[in-house]
Amino acid sequence: MARRTSKTVTAPLLDPVVLEDLAAGDAYDLEPGADLEGFEFLDLRVDAVELARASVYGSRFVGLRADEAELGTAKLSECVLERLDVPVLRGVRGRWRDVEVRGARLGSAELYESTWDSVRFVDCKLGFVNLRGAQLQDVVFADCTIDELDLVQATASRVAFTGTRVGGLDVQGSALQHVDLRGAELRELRGIESLGGATIDSGQLASLAPALAAALGITVVD
């Protein structure tokens with residue numbers, strides 16, 4: 001029998017973005033290397049949003065100095081993005097702080113090696129979200145649908161999923177701390193051996209039992 005623990009799960013620490021202080025933004029503001037603070041983007045529908053210059057793609061920064069790579073990425077601070085309809089979002093190594101994304105529809109989101117601090121997604125439909133190697137702190141996905149969430153080799157602290165369906169979650173090689181999966185409906189989980197630091201409920205434990213046994217090399221025979 002699995003041992004129950006009374007260890008406290010620390011919830012994400014988030015402050016709401018104050019709407020009346022925000023400036024209206026448009027698609028032209030969401031450009032490669034943008035440095036945006038205090039913007040609100042409403043009802044934006046475009047084929048693609050490019051927040052990183054082409055030089056930071058493909059080569060994985062081979063041959064680039066750290067400062068050159070940094071110049072190609074975007075920074076968003078105290079921003080609200082509401083009712084976005086964007087099939088392709090590219091924002092490698094971006095820095096998001098105090099950002100809220102509401103009612104958005106995103107197809108493919110290439111956001112690997114990004115740094116997120118105090119970020120909230122609410123009532124969003126997300127396709128493939130690539131956060132490989134990202135650093136996430138105080139992040140919430142609430143009432144969202146996510147087809148694929150890639151957190152391979154990510155570092156995540158105080159991350160929660162509430163009322164959210166996740167088709168596939170990959171946490172291989174990740175470092176998790178206070179990651180609360182109890183509010184998530186998980187259809188497929190990869191990297192189960194890296195779940196240390198996450199919290200699940202008894203129902204999720206039952207559904208994950210076969211994968212846990214396989215990861216531990218346990219043979220189950222009735």
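Start at 1 with the first residue, then count along the sequence. Since this is a predicted model, take the numbers as computed values, not measurements.
- Atom CZ of R187 sits in a sparse spot, with 12 or fewer heavy atoms from other residues, nucleotides or ligands closer than 6.0 Å.
- F41 contributes atom CZ, which lies 8.5 Å from atom CG of L84 (distance to the nearest 0.5 angstrom).
- With hydrogens and angles ignored, the 3.5 Å screen pairs a side-chain donor or acceptor of T164 with a backbone N or O of F141.
- The CG atom of L151 sits 6.5 Å away from atom CG of L136, with the distance rounded to the nearest 0.5 Å.
- Judged by distance alone, the side chain of Q204 and the main-chain N or O of L181 form a donor-acceptor pair under 3.5 Å.
- Within the 4.5 Å cutoff, the side chain of L176 has heavy atoms near those of the L195 side chain.
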Step by step, would you call L149 with F128 a side chain to side chain contact (heavy atoms under 4.5 Å, CB included)? CA-CA 6 Å; L149 179 56; F128 174 64; over 6 Å; no
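- Annotation: the span from L111 atom CG to L51 atom CG amounts to 8.0 Å, rounded to 0.5 Å.
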Checking D98 against S118 for the side chain to side chain donor-acceptor pair (under 3.5 Å) test, could you report, in this order, the C-alpha distance in whole Å, the side-chain angles of both residues, the deciding distance, and whether it holds? CA-CA 5 Å; D98 294 326; S118 188; 3.0 Å; yes
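- Taking a cutoff of 4.0 Å between a charged side-chain nitrogen and a carboxylate oxygen, D117 and R97 do not qualify as a salt bridge.
- Counting heavy atoms of neighbouring residues, nucleotides and ligands inside a 6.0 Å radius, atom CG of D35 exceeds 12 of them.
- In terms of modelled atom types and a separation under 3.5 Å, the side chain of H178 and the main chain of V9 share no donor-acceptor contact.
- Both L89 and V46 are members of a single hydrophobic cluster when ILVMFWY side chains are connected at heavy-atom separations under 4.5 Å.
- In the hydrophobic cluster analysis, where Ile, Leu, Val, Met, Phe, Trp and Tyr join through side-chain heavy atoms closer than 4.5 angstrom, L81 is grouped apart from V88.
- Side-chain contact between L13 and R158 is present, with heavy atoms from C-beta onward closer than 4.5 Å.
- With hydrophobic clusters built from ILVMFWY side chains whose heavy atoms lie under 4.5 angstrom apart, I146 does not share a cluster with V152.
- Of all heavy-atom pairs between C79 and G38, the closest is SG-N, 4.1 Å.
- Residues G191 and Q172 share a closest heavy-atom pair of CA-CG, 3.5 Å.
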Audit row: R90, E110, salt bridge (charged side-chain N to carboxylate O under 4.0 Å, His left out) steps and yes/no: CA-CA 5 Å; R90 299 188 181 97; E110 291 290 343; over 6 Å; no
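- No donor-acceptor distance shorter than 3.5 angstrom exists from the side chain of S114 to the backbone of A134, with no hydrogens or angles considered.
- Other residues, nucleotides and ligands place more than 12 heavy atoms under 6.0 Å from the CZ atom of R83.
- In terms of heavy atoms, G173 sits closest to S194 at N-OG, 3.1 Å.
- How far CG of D143 is from CZ of F121: 14.0 Å, rounded to the nearest 0.5 Å.
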Show the atom names and distances, to 0.1 Å, of all donor-acceptor pairs under 3.5 Å that link a side chain in residues 24-34 to residues at least two apart or in another chain.
residue: D26; atom: OD1; partner: Y28; partner atom: N; Å: 3.0
residue: D26; atom: OD1; partner: D29; partner atom: N; Å: 3.4
residue: D29; atom: OD2; partner: D26; partner atom: N; Å: 2.9

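- Cluster membership check: L205 shares its hydrophobic cluster with V171, using side-chain heavy-atom separations under 4.5 Å among Ile, Leu, Val, Met, Phe, Trp and Tyr.
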In sequence, state the C-alpha distance, the side-chain angles, and the governing distance for I192 and L208, and then conclude on side chain to side chain contact (heavy atoms under 4.5 Å, CB included). CA-CA 9 Å; I192 199 165; L208 293 174; 4.2 Å; yes
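- Of the inter-residue distances, the one linking L22 atom CG with L36 atom CG reads 11.5 Å to the nearest 0.5 angstrom.
- In the hydrophobic clustering of this structure, L44 groups with L76; members are Ile, Leu, Val, Met, Phe, Trp, Tyr whose side-chain heavy atoms approach within less than 4.5 Å, directly or through other members.
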Would V179 and T199 count as a side chain to side chain contact (heavy atoms under 4.5 Å, CB included) if you check the C-alpha gap in whole Å, the side-chain angles of each, and the deciding distance to 0.1 Å? CA-CA 6 Å; V179 173; T199 299; over 6 Å; no
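- Grouped by direct or indirect side-chain proximity (heavy atoms under 4.5 Å, Ile/Leu/Val/Met/Phe/Trp/Tyr only), V140 sits with L14.
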Residues L126, D147; criterion side chain to side chain contact (heavy atoms under 4.5 Å, CB included); working and verdict: CA-CA 6 Å; L126 311 175; D147 293 338; over 6 Å; no
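- Considering CG of D123 and CZ of R102, their distance stands at 11.5 Å, rounded to 0.5 Å.
- The pair E113-R93 meets the salt-bridge criterion, since a charged nitrogen lies less than 4.0 angstrom from a carboxylate oxygen.
- By the side chain to side chain contact (heavy atoms under 4.5 Å, CB included) test, E37 pairs with S77, E78, sequence neighbours left out.
- A salt bridge links E148 to R190: one of the charged nitrogens lies within less than 4.0 Å of a carboxylate oxygen.
- Between F39 and V80 the shortest side-chain heavy-atom distance does not fall below 4.5 Å.
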